[in-house]
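A short write-up of the structure that comes next.
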Amino acid sequence: MSTLHVDHPLQPGDPVPNVVFDAISREGKIALDDFRGRSPLLIGLFRGLHCPFCRRHVAAMAYLNPMLREKGVQSLAVVNTPVERARLYFRYHPIPDLLAASDPIKASHRAFGLPEVGIDTVMAIRIDLPGELPEPMNPMAMDEFINEKEGYPMTEADRQMMTADKGQLVGQFLIDREGIVRWSFTEVLEPGVQTFKAPNSQELISVASQVAL
């Protein structure tokens with residue numbers, strides 16, 4: 001994998017480095033250069049599958065995937081979960097036609113400039129999700145509560161990734177055929193629900209229509 005690192009999230013107009021991943025949805029590797037000159041790409045960079053909202057973001061990408069493919073845009077969901085654990089999860093929770101890849105060392109997050117925040121900052125945040133949580137919780141307690149509620153079986157691989165998480169923020173980037181970012185969305189860490197807010201799908205589809213021309 002690439003070990004490139006930038007100190008801020010890539011923005012529209014920035015070139016994208018090549019990163020090579022272990023494929024989850026099929027055997028072999030997936031490289032960002034595979035798409036260069038061929039098709040635009042929406043890439044989502046998420047924490048591991050131990051993060052319930054990351055699982056939801058992946059599901060949202062799978063839902064939008066047919067609409068983006070109609071416009072000629074490919075989609076790739078990247079999770080920090082080790083590849084064998086991720087393959088086991090998706091065997092029982094399939095994501096038809098959505099490419100997925102594993103990046104347990106978070107090389108892609110560094111290459112795209114997605115920051116990590118200190119564990120003290122993470123633990124000081126209180127997430128308030130009426131209807132999902134009985135009371136405001138810090139993100140780690142929230143993960144444990146929702147995982148249990150949703151019946152997500154934590155494995156040793158999941159626990160290791162959760163420990164190594166260190167407040168990794170997530171993001172999504174729409175890349176054109178030339179490997180240039182044309183749209184980006186980066187998670188914001190703050191109380192409430194913004195920390196886990198998904199991008200505006202209508203905005204994304206609109207930009208994708210222009211990028212695919």
Problem set entry | Listed partners of Phe35 passing ring-ring contact (aromatic ring centres under 6.0 Å, His included), at least two apart | none
For this session: Show your working on side-chain contact (heavy atoms from CB on, under 4.5 Å) between Asn147 and Arg55 and close with a plain yes or no.
Result: CA-CA 10 Å; Asn147 281 337; Arg55 298 195 300 270; 2.9 Å; yes
Problem set entry | Verdict with reasoning, Ile205 to Lys71, per side-chain contact (heavy atoms from CB on, under 4.5 Å) | CA-CA 9 Å; Ile205 294 293; Lys71 301 179 183 301; 3.5 Å; yes
Problem set entry | No-hydrogen, no-angle side-chain donor-acceptor test under 3.5 Å, Asp22 and Ser102 | no
Exercise. Does Ser75 use its side chain to pair, donor to acceptor, with the backbone of Leu42 at less than 3.5 Å?
Worked result: no
For this session: Give a yes or no answer on whether the side chain of Gln172 reaches the backbone of Phe185 with a donor-acceptor pair at less than 3.5 Å.
Result: no
Exercise. Of all heavy-atom pairs between Leu68 and Ala208, which one has the smallest distance, and what is that distance?
Worked result: CD2-CB, 3.6 Å
Exercise. Do Ile180 and Val19 sit in the same hydrophobic cluster, where Ile, Leu, Val, Met, Phe, Trp and Tyr count as joined when their side-chain heavy atoms come under 4.5 Å apart?
Worked result: no
For this session: Work out which heavy atom in Gln11 is nearest to a heavy atom in Val181; give both atom names and the distance.
Result: O-CB, 3.5 Å
Exercise. So, the side chain of Ser184 versus the backbone of Phe173: is there a donor-acceptor pair under 3.5 Å, distance only?
Worked result: no
Exercise. Just how far is it from atom CG of Asn138 to atom CD of Glu144, taken to the nearest 0.5 Å?
Worked result: 8.5 Å
Problem set entry | Audit row: Val122, Val117, side-chain contact (heavy atoms from CB on, under 4.5 Å) steps and yes/no | CA-CA 7 Å; Val122 172; Val117 297; 3.6 Å; yes
Seminar exercise, completed: Heavy-atom closest pair (Ser25 atom, Ala100 atom, distance to 0.1 Å) is OG-N, 3.1 Å
Seminar exercise, completed: Those residues at least two apart in sequence (or on a different chain) that pass salt bridge (Lys or Arg N to Asp or Glu O under 4.0 Å) with Arg56 are Glu132, Glu150
Exercise. Looking only at atom types and distance, does a side-chain atom of Arg36 sit under 3.5 Å from a main-chain N or O of Leu32, one as donor and one as acceptor?
Worked result: no
For this session: Measure the CE-CG distance between Met61 and Leu204 for me, rounded to the nearest 0.5 Å.
Result: 8.5 Å
For this session: Check for a donor-acceptor pair, side chain of Asp34 on one end and backbone N or O of Ala31 on the other, with a separation under 3.5 Å.
Result: yes
Exercise. Are Met67 and Leu174 connected in a single hydrophobic cluster, I mean Ile/Leu/Val/Met/Phe/Trp/Tyr linked by side-chain heavy atoms less than 4.5 Å apart?
Worked result: yes
Problem set entry | Closest non-hydrogen atom pair between Ser39 and Gly72, with its separation | CB-O, 3.6 Å
For this session: Go through Ile43 and Leu76 one step at a time and tell me if the side-chain contact (heavy atoms from CB on, under 4.5 Å) criterion holds.
Result: CA-CA 5 Å; Ile43 183 170; Leu76 173 63; 4.1 Å; yes
Exercise. Which of these passes side chain to side chain contact (heavy atoms under 4.5 Å, CB included) with Arg47: Glu187, Met162, His109, Met161?
Worked result: Glu187
For this session: Could you pull out the closest heavy-atom pair between Ala86 and Thr81, with the gap in Å?
Result: N-CG2, 3.8 Å
Problem set entry | Salt-bridge contact Glu116-Arg110 (side-chain N to carboxylate O under 4.0 Å) | no
For this session: Give a yes or no on whether the backbone of Cys51 and the side-chain of Asp143 come within a donor-acceptor separation of less than 3.5 Å.
Result: no
Problem set entry | Nearest non-hydrogen partners of Lys29 and Val20, listed with the distance | CB-CG1, 4.0 Å
For this session: Report the relative orientation of the aromatic rings in Phe46 and His57; use parallel for angles under 30°, tilted for 30 to 60°, perpendicular for over 60°.
Result: parallel
Exercise. Does the side chain of Glu203 come under 3.5 Å of the side chain of Trp183 through a donor N or O and an acceptor N or O?
Worked result: yes
Seminar exercise, completed: Distance col, row Met137:CE vs Arg126:CZ, nearest 0.5 angstrom, shows 10.5 Å
For this session: Hey, could you give me each pair passing side chain to side chain donor-acceptor pair (under 3.5 Å) that has a residue in residues 86-100? Not counting sequence neighbours.
Result: Glu84-Arg87
Problem set entry | Close side-chain approach of Phe53 and Ile146, heavy atoms under 4.5 Å | yes
Exercise. Are Ile95 and Leu64 grouped together when hydrophobic residues (ILVMFWY) are joined by side-chain heavy atoms under 4.5 angstrom apart?
Worked result: yes
Exercise. Mind checking whether Leu88 and Val83 sit in one hydrophobic cluster, side chains of I, L, V, M, F, W, Y counted as touching below 4.5 Å?
Worked result: no
Exercise. Backbone N or O of Thr155 within a donor-acceptor pair of the Asp158 side chain at under 3.5 Å?
Worked result: yes
Exercise. When rounded to the nearest 0.5 angstrom, what distance separates CD in Gln160 from CZ in Arg85?
Worked result: 12.5 Å
Exercise. Would a distance-only check, ignoring hydrogens and angles, find a side-chain to backbone donor-acceptor pair under 3.5 Å from Asn80 to Asp103?
Worked result: yes
